[in-house]
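Naming convention: chains lettered A, B, ... in sequence-line order (proteins, then strands); numbering from 1 in each chain.
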Amino acid sequence: MLDRKFILENVDAVKLNCKNRNVVADVDRFVELENDRRVKQRELDSLNQESNVIAKSIGKCKTQEERDAKKDEGRVVRDKIAALQQELKTLETEQSAIQRGIPNMAHPDCPIGDDDGANTVVCYGKTPLPKWSEGFKPLDHVELAEKYDLIDFEGGARVAGAGFYFLKNEAVLLELALEQFAINKLVKKGFTPTITPDLAKNSVLQGTGYIPRGNETQIYTIENTELSLIATAEITLGGLLADETIDSERLPLKFCGVSHCFRTEAGAAGRASRGLYRVHQFSKVEMFVFCLPDQSEAFHEELLGIEREIFDELEIPYQVVDTATGDLGGPAYRKYDIEAWMPGRNTYGEVTSTSNCTDYQARRLNARYKVKGEKGAHYLHTLNGTAVAISRALLAVLEMGQQEDGTIVMPNVLRPYLPFDRIAR
RNA sequence: GGAGAGGUGGCAGAGUGGUCGAAUGCGCGGGUUUGCUAAACCCGUGAGCUCGUAAGGGCUCCGCAGGUUCGAAUCCUGUCCUCUCCGCCA
């Protein structure tokens, strides 16, 4: 969320940003409530002071009568305090609901537009689009998977419903290889590898900007608990420093996390969802960075650079997209997606996403840093990025690797992790 | 799952319901002394909000949320977490 004071001092900019991002938020009402809150808070402070003075004076009273008189006085003040507190609470509830709905400010260079149609392509990957001979019709990954018995969608549906699947045979080894490839690379780049919980407390979900309940929620919640299945390890990794204040000398902290990701995909039926493209569960290696404010833009470029390196090395053609304001999502200040070429869909499809959330996420998580010798603590900046989302990467690797003889060649970089270099029968 | 114990400042660790935002030690910052370093000594050292040009003042925070009271770190209830023992188990 944004800082209350910042909103108050930048009303017009915040409103314009909401408009650009296609978000409806009653900023005026927020300002009204904030002004009211400040007045009431000051009143409350002075009432508390009054009550403290009375309470302290009782200890020094000489006579019982004096004492009783003071007690009555104190009781009156306490009643006033209780009433005022109630008012404040009501006010703050409404206010923070509005505040949470106000999205992060956007980077000045973000393309402005209502939806993904306004996204701009920034650059392309090293690998050229596939050139198959005239007349060769590439199979999509569902057909390839069937041909080589790599994915059992029917079995997944029988066991867990539509949107679930069993990986089988080479696909299993391919998932593990992709994970190892990504993790090894990230460790070399200074990321601390983790395997995170696949569940998190709802408070952590909210801190990272995910909403566990509601109509449009993407989140599976666990009945009778305060836990949800995570949609990404961004949630667990972000939660790692919730309510912590860390020494600036320890920064930056770069983590990568392997986790399963669960998404209900409510309302996504009918959209491009064949096969592995849109599923309820997949594995992912996620990058997450906590850093100082003046470092976050550079780290954002670094995360994008790593993602590009991974997909270049996987020999998958892609384009990089700078996400338009209307398509950013709440916490992001700027977001780049890599869209890989997917021959089966004959178009690009999103395979990674990296966001600079500046202090927006950290404020809600209460994740701060302190500079030695300086007074006060400040909010960290947080960034996240997909290293490899296995389902979609697998899809791209299978479709892009297919040869005209029907076999599927594995990218060179995965060979150290695979006991085969092509899928053939 | 059952039975106990405990959660206090960066850490360790005190704390009769009022004089406690909190002793003490360590750590950290500054200073004195000293060829240098160390030691010793002295001073300072949590966060957020708020009033003030400033000096300085006020409020809140002792896991979290409530309650009792004129007054709660201290009493009560709930909750979360940690530790020990038992059971169960990959």
Does [X] have a side-chain nitrogen or oxygen under 4.0 Å from the phosphate oxygens OP1 or OP2 of [N]?
{"X": "A:Asn366", "N": "B:A47", "result": "no"}
{"X": "A:Asn52", "N": "B:G58", "result": "no"}
{"X": "A:Lys370", "N": "B:A47", "result": "yes"}
{"X": "A:Arg368", "N": "B:A47", "result": "no"}
{"X": "A:Lys70", "N": "B:U69", "result": "no"}

Length of the [atom1]-[atom2] vector between [X] and [N], whole Å:
{"X": "A:Ile58", "N": "B:A72", "atom1": "CD1", "atom2": "C1'", "value": "14 Å"}
{"X": "A:Asp79", "N": "B:C70", "atom1": "CG", "atom2": "P", "value": "10 Å"}
{"X": "A:Asp247", "N": "B:C11", "atom1": "CG", "atom2": "P", "value": "12 Å"}
{"X": "A:Lys89", "N": "B:U60", "atom1": "NZ", "atom2": "P", "value": "17 Å"}
{"X": "A:Arg37", "N": "B:C49", "atom1": "CZ", "atom2": "C1'", "value": "8 Å"}
{"X": "A:Leu47", "N": "B:U50", "atom1": "CG", "atom2": "C1'", "value": "15 Å"}
{"X": "A:Glu34", "N": "B:U50", "atom1": "CD", "atom2": "C1'", "value": "12 Å"}
{"X": "A:Glu244", "N": "B:G63", "atom1": "CD", "atom2": "P", "value": "16 Å"}

Counting only Watson-Crick pairs (N1-N3 plus N6-O4 or O6-N4) and G-U wobbles (N1-O2, O6-N3), all under 3.5 Å, who is the partner of [N]?
{"N": "B:G1", "value": "B:C86"}
{"N": "B:G17", "value": "none"}
{"N": "B:U34", "value": "none"}
{"N": "B:G25", "value": "B:C11"}
{"N": "B:C62", "value": "none"}
{"N": "B:U69", "value": "none"}

Quick one: which of [options] gets closest to the side chain of [X]?
{"X": "A:Asn48", "options": "B:G71, B:G48, B:U60", "value": "B:U60"}
{"X": "A:Gln49", "options": "B:C70, B:G58, B:U50", "value": "B:G58"}
{"X": "A:Lys71", "options": "B:U50, B:C70, B:A47", "value": "B:C70"}
{"X": "A:Arg42", "options": "B:C59, B:U50, B:A47", "value": "B:U50"}
{"X": "A:Arg38", "options": "B:U50, B:G18, B:C59", "value": "B:U50"}
{"X": "A:Arg78", "options": "B:U50, B:G71, B:U60", "value": "B:G71"}
{"X": "A:Lys201", "options": "B:U69, B:C59, B:C80", "value": "B:C80"}

Output yes when a side-chain donor or acceptor of A:Asp322 lies under 3.5 Å from a complementary backbone atom of A:Val122, and no otherwise.
no

Between [N] and [M], how many Å separate the two [atom1] atoms, rounded to a whole number?
{"N": "B:A55", "M": "B:C51", "atom1": "P", "result": "15 Å"}
{"N": "B:U77", "M": "B:G10", "atom1": "P", "result": "30 Å"}
{"N": "B:A5", "M": "B:G25", "atom1": "P", "result": "32 Å"}
{"N": "B:G9", "M": "B:G2", "atom1": "P", "result": "30 Å"}
{"N": "B:C20", "M": "B:G71", "atom1": "C1'", "result": "13 Å"}
{"N": "B:U33", "M": "B:C42", "atom1": "C1'", "result": "11 Å"}
{"N": "B:U19", "M": "B:C59", "atom1": "P", "result": "13 Å"}
{"N": "B:G21", "M": "B:A72", "atom1": "P", "result": "11 Å"}

Would you classify A:Asp72 as touching base, sugar-phosphate or nothing, given that sugar-phosphate means primed atoms plus P, OP1 and OP2, and contacts are heavy atoms under 4.0 Å?
nothing

Minimum side-chain heavy-atom gap A:Lys147-A:Glu143 below 4.5 Å:
no

Does the side chain of A:Tyr210 pick up a donor-acceptor pair with the side chain of A:Glu234 at under 3.5 Å?
yes

Hey, could you give me the CG/CG distance between A:Leu328 and A:Asp116, rounded to the nearest 0.5 Å?
11.5 Å

Taking the nucleotide of RNA chain B with the closest heavy atom to each, which residue, A:Ala377 or A:Ile54, is nearer the 5' end?
A:Ala377

Should the pair A:Phe164 and A:His280 be assigned to parallel (<30°), tilted (30 to 60°) or perpendicular (>60°) ring geometry?
tilted

Which class fits the ring pair A:Tyr318 and A:Phe311: parallel under 30°, tilted 30 to 60°, perpendicular over 60°?
perpendicular

Would you call A:Arg37-A:Glu34 a salt bridge at under 4.0 Å N-O?
yes

Which pair of heavy atoms, one from A:Gly113 and one from A:Ala118, lies closest together, and at what distance?
CA-CB, 3.6 Å

